[in-house]
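Below, each value reflects all heavy atoms present in this structure, side chains not excepted, and no hydrogens, waters or symmetry copies.
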Amino acid sequence: MRCPFCANDDTQVKDSRPTEDSTSIRRRRQCSSCGARFTTFERVQLREVTIVKSGTAGEERREPFNRSKIEQSVSLACRKRGVTQERISQLISGIQRQVETAGEPEVPSARIGEMVMDGLKQIDSVAYIRFASVYRDFSEARDFEEFASSVAEAAKD
């Protein structure tokens, strides 16, 4: 593993332990050159999955599944909402596991967006609305009002 501080390739694992949700291994490493310490995470990847994104004018783009893109958007939706990083990681690990075990080499980005929305709906209604506003491309305040009222009605039931 390359040191992020000095780019030396020789680092040593000082401590390894599973994360709390047991979906990855947390490793504390130390660089033999500069002595810096840093943490890495090791996760199982069951298969390569390609995400199919729909573009304007009907063209499709394909790119490899990228967990960090989901982490970034979910973290942004949950910012200042009191949702722990551990809970966010559990949600994303669950989505990643579903995508990898589905057995499909290509997955539409819309399906992943719906998985994220379903997960956020269970965690925090404000984060759910924030994510939906970007995912569903709200363009006016009225879009927020309609969606928020449907979330409030669903919560009453």
Side-chain angles (χ1 to χ4, degrees), residues 1-2 4-5 7 17-29 36-157:
M1 176 63 66
R2 180 172 293 164
F5 302 101
R17 63 181 71 175
T19 56
E20 290 184 25
D21 62 357
S22 296
T23 60
S24 60
I25 303 277
R26 178 183 183 271
R27 299 194 194 281
R28 286 293 294 157
R29 296 179 176 268
R37 289 182 176 237
F38 58 98
T39 301
T40 60
F41 291 89
E42 182 179 309
R43 290 185 174 81
V44 172
Q45 181 175 355
L46 299 174
R47 65 170 31 112
E48 291 288 326
V49 176
T50 301
I51 304 303
V52 180
K53 294 184 167 192
S54 302
T56 58
E59 79 268 0
E60 293 180 339
R61 287 189 343 250
R62 287 170 169 69
E63 61 184 57
F65 177 81
N66 187 345
R67 177 188 172 98
S68 64
K69 283 187 172 186
I70 300 171
E71 273 180 317
Q72 185 178 14
S73 60
V74 170
S75 293
L76 187 60
C78 293
R79 194 173 75 195
K80 296 183 181 181
R81 291 299 307 152
V83 179
T84 65
Q85 187 60 43
E86 178 185 335
R87 185 64 186 107
I88 292 170
S89 292
Q90 287 174 346
L91 169 64
I92 296 165
S93 292
I95 291 168
Q96 183 175 7
R97 207 169 14 257
Q98 287 177 14
V99 168
E100 290 178 346
T101 59
E104 299 173 27
E106 295 186 339
V107 176
S109 61
R111 185 177 312 154
I112 292 175
E114 291 300 323
M115 288 177 180
V116 171
M117 288 200 31
D118 290 344
L120 285 175
K121 190 176 194 177
Q122 305 299 317
I123 295 173
D124 185 89
S125 60
V126 172
Y128 172 59
I129 292 170
R130 284 178 177 171
F131 184 85
S133 71
V134 175
Y135 176 68
R136 295 203 174 149
D137 196 23
F138 291 175
S139 58
E140 298 179 15
R142 182 179 40 221
D143 297 335
F144 279 99
E145 292 171 4
E146 291 171 4
F147 189 77
S149 65
S150 70
V151 170
E153 287 174 23
K156 290 178 185 176
D157 295 339

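- Residue V52 forms a side-chain contact (heavy atoms from CB on, under 4.5 Å) with just one option from E106, R111, E63, and that option is E106.
- Side-chain contact between Q90 and I88 is absent, with no heavy-atom pair separated by less than 4.5 Å.
- Not counting sequence neighbours, the partners of R67 by the side chain to side chain donor-acceptor pair (under 3.5 Å) test are S93, Q96.
- The minimum heavy-atom distance between D124 and R81, with the atom names listed, is OD2-NE, 3.0 Å.
- Checking side-chain atoms of D118 against main-chain N and O of M115 turns up no donor-acceptor pair under 3.5 Å.
- Here the closest heavy-atom approach between residue A110 and residue Y135 is recorded as O-OH, 2.9 Å.
- With no hydrogens or angles considered, no side-chain donor-acceptor pair links T39 and R29 at under 3.5 Å.
- Taken from CD1 in I129 to CE in M117, the straight-line distance is 9.5 Å, to the nearest 0.5 Å.
- Taking each heavy atom of R79 and R130 in turn, the nearest pair found is O-NH1, 2.6 Å.
- Applying the 6.0 Å contact sphere to CZ of R17 captures no more than 12 heavy atoms from other residues, nucleotides or ligands.
- Across every non-hydrogen atom of F131 and G113, the tightest pair is CE2-O, 3.8 Å.
- The heavy-atom pair separating L120 from A127 by the smallest distance is CD1-O, 3.9 Å.
- Every residue meeting the side chain to side chain contact (heavy atoms under 4.5 Å, CB included) condition with R37, not counting sequence neighbours, appears here in chain and number order: K14, R28, Q30.
- Under a 4.0 Å N-O distance rule, the pair K53/E60 does not qualify as a salt bridge.
- Considering only heavy atoms from C-beta on, I95 comes within 4.5 Å of L91 through its side chain.
- Among residues two or more places apart in sequence or in another chain, the ring-ring contact (aromatic ring centres under 6.0 Å, His included) test is passed with F147 by Y128, F138.
- Applying the salt bridge (Lys or Arg N to Asp or Glu O under 4.0 Å) rule to R61 yields no partners; only residues at least two apart in sequence or on another chain are considered.
- With sequence neighbours left out, the side chain to side chain contact (heavy atoms under 4.5 Å, CB included) criterion links T19 to D21, T23, S24, R26, F41.
- Rounded to the nearest 0.5 angstrom, I112 CD1 and N66 CG are separated by 10.0 Å.
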Could you give the side-chain donor-acceptor pairs of residues 71-78 under 3.5 Å, partners two or more places apart or in another chain?
residue	atom	partner	partner atom	Å
S73	OG	K69	O	3.3
S73	OG	I70	O	3.1
S75	OG	E71	O	2.8

